[in-house]
Amino acid sequence: MSVGTAIMIGAQIFGALSSKSAADDAADRAIEIGSANAEDLRTISAKNADEIRRIAGLNAGAILSTANLNSGSILQVAESNALAHLESTVTNLDLAATENVELLRRHVLQERALQGSIRAATGASGVRVGQGSPLEILVDAVEQGYGERMYMANYARKRLAMMGKEGITRAKLTMMDAEQRSKVLLETASLQAMITREEADSSATIMLNDAEANARSMERGGAAYAASMRAQGTASLISGLI
């Protein structure tokens with residue numbers, strides 16, 4: 001074999017080895033880039049998922065805070081209305097009691113005036129009031145007056161009791177309505193906050209799953225490209241050797 005031939009063969013072998021080395025380097029670089037891209041995708045997706053969950057937490061907290069404020073406002077207004085009902089009831093009871101006392105006082109005066117009239121009329125006729133029919137008339141008038149006063153007093157007592165019960169019932173119903181509306185408001189807000197968090201968590205999970213799938217695809221793509229480069233380098237080496 002001549003020197004020129006040996007040099008040419010050596011150059012071809014060196015070129016084949018260089019090509020194989022370059023192909024291996026390119027393959028390693030492809031794997032490195034694919035892995036780096038996949039890792040970047042995973043990192044960014046994880047940060048985005050955390051941000052989604054953070055915003056959802058803020059929204060859920062805002063929903064609950066707003067519901068608590070509205071609930072407190074509803075209860076405060078209801079308490080004011082209930083107290084207004086009770087104060088109005090107390091005032092009306094005082095007025096009604098004063099009115100009934102005055103009616104009974106006037107009835108007593110009217111009864112005494114009637115008794116005086118009976119005595120005066122009977123005495124003017126020359127008949128003694130302390131015995132017989134005139135006395136019966138006077139006693140009957142007194143009994144009727146007493147019965148009327150008892151009726152008026154009983155009616156007034158029942159009317160006052162009814163007014164008091166009605167005022168208390170209105171106050172209770174006002175508070176019950178407010179408490180129920182407040183309860184529904186808080187429960188609805190709690191459900192909305194939970195749904196907000198669940199939707200955010202689901203979106204974050206889907207994002208992470210998609211990112212993981214894409215990252216693995218990048219890694220597989222880099223590995224496939226690296227295998228292709230190595231195969232081409234090996235083929236070039238064999239071809240050069242042959």
Side-chain angles (χ1 to χ4, degrees), residues 25-94 160-229:
D25 290 341
D28 293 339
R29 184 61 177 166
I31 292 175
E32 180 182 353
I33 292 174
S35 298
N37 290 337
E39 185 62 26
D40 289 342
L41 180 60
R42 290 189 180 99
T43 301
I44 293 173
S45 298
K47 290 181 178 180
N48 291 337
D50 291 340
E51 185 67 11
I52 289 174
R53 292 190 178 98
R54 186 183 73 84
I55 296 300
L58 292 176
N59 290 335
I63 291 172
L64 294 176
S65 297
T66 302
N68 285 325
L69 289 174
N70 292 334
S71 174
S73 177
I74 289 173
L75 293 176
Q76 186 175 1
V77 172
E79 289 176 358
S80 298
N81 290 334
L83 289 175
H85 282 309
L86 294 176
E87 290 176 357
S88 176
T89 299
V90 171
T91 301
N92 291 334
L93 287 174
D94 183 62
L160 292 175
M162 181 189 68
M163 291 173 62
K165 184 178 180 180
E166 182 179 358
I168 293 173
T169 301
R170 286 183 179 180
K172 287 183 177 180
L173 290 176
T174 299
M175 288 304 302
M176 182 183 299
D177 175 70
E179 289 171 355
Q180 290 299 317
R181 287 190 290 120
S182 175
K183 180 180 178 181
V184 171
L185 180 64
L186 292 176
E187 290 180 351
T188 302
S190 179
L191 289 175
Q192 289 176 344
M194 182 182 67
I195 291 173
T196 299
R197 291 192 180 97
E198 289 294 330
E199 288 179 346
D201 189 65
S202 177
S203 298
T205 300
I206 291 173
M207 177 182 292
L208 291 175
N209 290 337
D210 289 342
E212 182 63 25
N214 290 330
R216 291 180 180 177
S217 177
M218 289 178 181
E219 292 172 344
R220 287 193 297 270
Y225 182 74
S228 176
M229 293 299 295

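Worth saying up front: this structure is predicted, and the values here are computed from it rather than measured. Note that these values count all heavy atoms, side chains included, but never hydrogens, waters or copies made by symmetry.
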**Message:** Are the side chains of Val90 and Asp94 in contact, using a 4.5 Å heavy-atom criterion?
**Reply:** no
**Request:** For Ala204 and Ala49, work out which heavy atoms get closest and say how close.
**Result:** CB-CB, 3.6 Å
**Request:** Kindly determine whether Glu212 and Arg216 satisfy salt bridge (Lys or Arg N to Asp or Glu O under 4.0 Å), including the steps that lead there.
**Result:** CA-CA 6 Å; Glu212 182 63 25; Arg216 291 180 180 177; 2.9 Å; yes
**Asked** So which heavy atom on Ala200 is nearest to which on Ile52, and how close?
**Response** O-CG2, 3.5 Å
**Item:** Side chains of Lys183 and Glu179 in contact at under 4.5 Å (non-hydrogen atoms)
**Value:** no
**Complete:** On a heavy-atom basis, the closest approach of Thr89 and Met163 is CG2-O, 3.5 Å
**Request:** With rounding to the nearest 0.5 Å, note down the distance linking CD in Glu187 to CG in Leu185.
**Result:** 10.0 Å
**Request:** Starting at OG1 of Thr196, measure out to CG of Leu191 and round the result to the nearest 0.5 Å.
**Result:** 10.5 Å
**Message:** With a 3.5 Å distance limit and no angle check, can you tell me whether Thr43 reaches the backbone of Glu39 through a side-chain donor-acceptor pair?
**Reply:** yes
**Fill in**
side chain to side chain donor-acceptor pair (under 3.5 Å) pairs touching residues 64-87, sequence neighbours excluded, are Ser71-Ser182
**Request:** Considering non-hydrogen atoms only, spot the tightest contact between Ile74 and Ala178 and give its length.
**Result:** CG2-O, 3.7 Å
**Request:** Please report the shortest heavy-atom distance between Met175 and Ala82, naming the atom on each side.
**Result:** CG-CB, 3.9 Å
**Prompt:** Can you check whether Glu199's main-chain N or O pairs, donor with acceptor, with Ser203's side chain at less than 3.5 Å?
**Reply:** yes
**Message:** For Arg54, is there an ion pair with Asp50 - N to carboxylate O distance below 4.0 angstrom?
**Reply:** no
**Request:** Answer whether the closest heavy-atom distance between the side chains of Arg170 and Leu173 falls below 4.5 Å.
**Result:** no
